[in-house]
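Notes follow the structure.
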Amino acid sequence: MDKVYNNKSVEERIYKNWEEKGYFNPRERFGNREKFSIILPPPNANAPLHFGHAMYVIEDILTRFNRMLGKKTLWLPGADHAGFETQFVYEKKLQEKGKSRFDYEREELYEMIMDYVQNNRKGMEDQLRRLGFSLDWEKKKFTLDEDIIKIVYKTFKWLYDDGLVYRQKRLVNYCTFDGTGFSDLEVLYEERKNPLYYIKYGPLVLATTRPETKFGDTAIAVNPDDKRYKKYIGKEIEIETVLGKAKIKVIADKMVDPEFGTGVVKITPAHDFNDFEAGQRHNLPMVQVINFDGKMNEKAGKFEGLYVRQARKAVVDEMQKKGLIDHIDENYVHRIGVCYKCKNPIEPLPMEQWFVKMEPLARKAMETVKNKDIRIYPENFNKLYLQFLEGIRDWNISRQIIWGIRIPAYKCENCGEWEVTEGEPREKCGKCSGKMVQDSDTFDTWFSSGQWPYATLKTTGGLEYYPTSVMETGYDILRWWVARMVMLGIYIQEKEGVKDIKKQIPFKDVVLHGLVNDPLGKKMSKSKGNVINPLELVDQYGADAVRFALVYGTALGNDQSLSYPKLEAMRKFTNKLWNMARFIEFQKNEKELKVAELSIQELRVLSKKHGEKDMWQSDRSMIEKTEKITAEITRLLNNYDFNHSAQNLYDFAWHEFADIYIEESKKSLNNNDDASRHTFDVLTSSFLILLKLLHPFMPFVTEEIYDLLYGGEEDLIISKWPSLE
RNA sequence: GGGCUCGUAGCUCAGUUGGUUAGAGCGUUGCAUUGACAUUGCAAAGGUCAGAAGUUCGACUCUUCUCGGGCCCACCA
């Protein structure tokens, strides 16, 4: 054995061996009684993995643990096309070359992005391998695989036929810079300082941050209890505007806060979510004055063609000239919705989109968690999950982008009738025989990834693993992804005729890990340039050290900062294990002893059989301690307590086994008598048990030591987990 | 405005259903050692567990409040 553990010469060879022998594939020989399964949250295929993805080590620990318990164990990998995210990244690349998405035909652009993504995927998969993840690569799936798309189509059709998908013209969060609409989750809110303009509307003054939308006003509103304005309610007042005289109706609505501004509000149903709802209540017309390109349209008169920001300035200038501005509060701070990607203001615009009716789906998804059919770890995330579903609104799944699954809906150019299919094209309208044209929009990525557990298992012939044992992911996508998987998973199973709720849910346990920040505690992001590639650290410290560092000293669900001292400490720990093995090897060679592989039960028997003369007290106590640590690690892993598992293993290995027991054993081994042979049996047997307990956490170094020291025919990865019975 | 989370040794963080002298890594200070250990071992210094009140035989751990970070949600024009 080398003097120092050299991870680089070991890891690649061992991983290849595991993969070639098919250990990652749950065949019959790995047990058939009980099943264990995890679906890897499919990383975005548009970029290499960042260090946070290494947290999936938790899934590998669970997978390896359960494999060693003798269960038929599946960990299924995949990748997500990440619709808008990917197109955004790709458009930036085009920009660098002086091009834009409009320079290409839809199909051409799609192919280009597909090439780009497929290239990235290879690198990403290599990263997962380097971390030692025991994924069943033969079953890897991509969200744009044809068989996956088929399932997504079918689900959409089901939802449509059940009235759970509908098309409606509503206000949509629209980014005029990226040219697409978003769901509510994709809008960020940022605090901005914008002037609050107090504008004269005839006899009234009202406050607004958006004077340029005034051309779309279809009413002004006051609070019904506001005595100041009672006399105006229901009346039409004449107002002076930048485009001349006009008349406008005054309505009463409780939405108006008399304390804010002057207690008078202009209602612009086409450009504000509140106003839209007020418009619905009062039957107000919708006048759209901003187009999808972010410019004012003909309704804005001479301001037509100006961008919103320009128009605001021009309108205010004009108003000031005409004396229509009462005053301006320049220090007004409020929160506005911005595009989560480009950070430009979101423009609420009226659009026809496909919406999923969420309430019926959400109700069941809440019940399953309340009834503990699905358990969420750590528990405090239950509240977050339920809170989200409680207040859920219908889900806009239309995206005006080309990278993704094109919506299988066709519209008749003649009569305007829509038809939803399961993917097969429609040429002629069923009603009027007019020409049918497919919706140019694609699905929100999460609509497809929300079906991931079912879709991946169905298409790989593994529905026997549904529901999966665990869904493990970052808490940041609990609402985006986990909640939607629960809703869609249950729905699909219902449609498939599955009755038992326990079989409808997509997974039994949800385990949520925290985020990994940079060493200064800042979130890693490409724009900050502080993204760390896990491979750098794997090279430097070894995969085992990186893995161990991520779970050691971190409470489940808590964020952590990358810590170089911790990584270094864990690298030393792998080296410590290595040297413990070297000590045993020296003893073995020098005294020509044979390593033993006694089980805990056999060790117990040994301990009972021999008296004080034949066996050292330190050996006896080691047997007890081994038994204890085995019980403890088994218990902790079953409770998803990786932190304590790691800490206990570290302390046991270093401070019990090495510091105390190995030192004691030296005294015995030097005697070269019967007792010393017993010592060697206990030493090697308990060390092997330790290796097994450590294997899920540090698979490479333990496997290598096992091969060198014990040289068995089997590999540690499929050895049996130490049992107490 | 609501919710979640954190505030523990100089630094980064644990603290496993409340239980004897509060832990780790790194750092600091001694001593020992090249003997399995590009070291490691032994030992030491260092904490009023943010603050206050309460529950309890007993609180870092439970409750309430205050202060101070972080995150998330919400339609303030």
Side-chain angles (χ1 to χ4, degrees), chain A residues 1-6 171 184-185 188-189 194 196-199 206-211 213 220-221 255-257 259-268 271-278 332-337 348 378 380-384 386-388 390-391 393 475-476 478-479 514-515 517 519-523 549 551-587 590 632 635-636 639-648 650-651 654-655 658-660 662-663 665-666:
Chain A
M1 287 174 80
D2 294 339
K3 202 166 178 203
V4 173
Y5 173 64
N6 183 350
L171 280 201
D184 294 326
L185 284 182
L188 277 181
Y189 287 88
N194 285 321
L196 182 62
Y197 303 95
Y198 285 77
I199 304 175
L206 60 79
T208 179
T209 54
R210 302 211 55 188
T213 62
I220 52 182
M255 76 179 258
V256 182
D257 175 5
E259 304 291 316
F260 185 89
T262 57
V264 184
V265 162
K266 69 194 203 63
I267 303 292
T268 322
H271 296 290
D272 181 282
F273 287 100
N274 282 322
D275 295 1
F276 177 79
E277 280 168 29
Y332 182 61
V333 176
H334 64 152
R335 294 166 69 78
I336 62 164
N380 52 287
F381 287 107
N382 274 301
K383 202 162 182 180
L384 205 68
L386 293 172
Q387 216 168 267
F388 167 61
E390 203 111 358
R393 288 192 283 169
Y475 66 78
D476 54 326
L478 176 66
R479 292 168 304 130
L515 311 179
N517 294 320
L520 299 172
K522 296 259 155 54
K523 193 173 174 176
V551 293
Y552 182 100
T554 308
L556 188 63
N558 276 13
D559 293 353
Q560 62 177 313
S561 300
L562 182 65
S563 160
Y564 291 105
K566 188 153 114 182
L567 284 164
E568 181 57 21
M570 294 312 150
R571 190 195 60 77
K572 283 186 180 168
F573 182 50
T574 52
N575 200 49
K576 186 76 182 178
L577 292 169
W578 183 256
N579 276 294
M580 287 156 71
R582 286 219 314 153
F583 169 76
I584 291 176
E585 196 196 35
F586 278 127
Q587 299 298 325
E590 197 180 312
E632 185 68 356
R635 201 204 83 202
L636 290 169
N639 288 329
Y640 304 116
D641 190 342
F642 309 100
N643 171 36
H644 285 108
S645 302
Q647 291 205 17
N648 288 348
Y650 181 95
D651 289 342
W654 202 310
H655 303 301
D659 290 350
I660 298 174
I662 286 186
E663 292 309 317
S665 74
K666 285 175 184 172

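Predicted, not measured: the structure shown is a model, and the values here were computed from it. Order of the sequence lines fixes the chain letters, A, B, ..., with proteins taken first and strands second; residue numbering starts at 1 for each chain.
Put simply, CD on A:Gln387 is 7 Å from C1' on B:C73, counting in whole angstrom units. The separation between A:Met255 atom CE and B:A74 atom P is 18 Å, rounded to whole Å. In this structure, A:Met570 places its CE atom 13 Å from P of B:A14, rounding to the nearest Å. Taking atom CG on A:Asn643 and atom P on B:U16, their separation rounds to 10 Å, with Å as the unit. A:His271 has its NE2 atom 17 Å from the C1' atom of B:C75, to the nearest Å. For the pair A:Asn382 CG and B:C73 P, the computed distance is 19 Å after rounding to whole Å. The nearest whole Å value for the distance from the CG atom in A:Asp559 to the C1' atom in B:C13 is 13 Å. Atoms CD (A:Gln647) and P (B:A22) sit 18 Å apart, rounded to a whole Å.
Straight-line distance between the C1' atoms of B:A22 and B:G69: roughly 24 Å, to the nearest whole Å. To the nearest whole angstrom, the two P atoms, one in B:G58 and one in B:C67, are 29 Å apart. Between B:U29 and B:C73, the distance separating the two P atoms is 48 Å to the nearest Å.
Residue A:Trp654 has a polar side-chain atom (N or O) positioned under 4.0 Å from OP1 or OP2 of B:G41. At B:C73, one or more side-chain N or O atoms of A:Arg479 fall inside 4.0 Å of OP1 or OP2 (strictly under the cut-off).
A donor-acceptor contact under 3.5 Å is not formed by the side chain of A:Gln560 with the base of B:A14.
Residue A:Asn380 has its side chain nearest to B:U5 when only B:G3, B:G25, B:U5 are considered. Comparing atom distances between the A:Val4 side chain and each of B:C13, B:A38, B:C73 picks out B:A38 as nearest. Looking at the side chain of A:Pro565, the nearest of the listed nucleotides B:C26, B:C76, B:G15 is B:C26. Comparing B:C75, B:G15, B:U16 by their closest approach to the side chain of A:Ala555 singles out B:G15. Listed nucleotides: B:G25, B:C75, B:U16. Nearest to the side chain of A:Glu632: B:U16. Here the nucleotide nearest the side chain of A:Ser561, chosen from B:A74, B:U16, B:C13, is B:C13. Comparing B:G41, B:C75, B:U16 by their nearest atom to the side chain of A:Asp641 picks out B:U16. Listed nucleotides B:A36, B:G25, B:C75 differ in distance to A:His655; the shortest reach to its side chain belongs to B:G25. When distances run from any side-chain atom of A:Arg635 to the nucleotides B:C4, B:U16, B:C73, the shortest one goes to B:U16. Of all nucleotides listed (B:A24, B:C42, B:C75), B:C42 comes nearest to the side chain of A:Asp659.
If you check B:C49 for Watson-Crick or wobble pairing at under 3.5 angstrom, you find it has no partner at all. The base-pairing partner of B:C75, taking Watson-Crick or G-U wobble contacts with both distances under 3.5 Å, does not exist among the strands shown. Applying the Watson-Crick and G-U wobble criteria (two distances, each under 3.5 Å), B:G54 pairs with B:C62. Nucleotide B:A32 has B:U40 as its partner under the Watson-Crick or G-U criteria, with both atom distances under 3.5 Å.
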Chi angles and distances behind the side-chain contact (heavy atoms from CB on, under 4.5 Å) call for A:Asn380, A:Tyr475: CA-CA 11 Å; A:Asn380 52 287; A:Tyr475 66 78; over 6 Å; no
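Under 3.5 Å, the side chains of A:Gln647 and A:Asn643 contain a donor-acceptor pair of N or O atoms. Using a 3.5 Å distance cut-off with no hydrogens or angles, the side chains of A:Asn648 and A:His644 do not pair a donor with an acceptor.
Map A:Glu663 and A:Ser563 each onto its nearest nucleotide of RNA chain B; the residue landing nearer the 5' end is A:Ser563. For the pair A:Thr209 and A:Asn579, both in contact range of RNA chain B, the more 5′-proximal nearest nucleotide belongs to A:Asn579.
Residue contacts for A:Ile584: at a heavy-atom cut-off of 4.0 Å it reaches no nucleic acid atom on any strand shown.
Ring planes of A:Tyr650 and A:Phe573: tilted class, angle from 30 to 60°.
Heavy atoms only, all atoms of each residue included: A:Val256 and A:Gly263 are closest at CG1-O, 3.4 Å.
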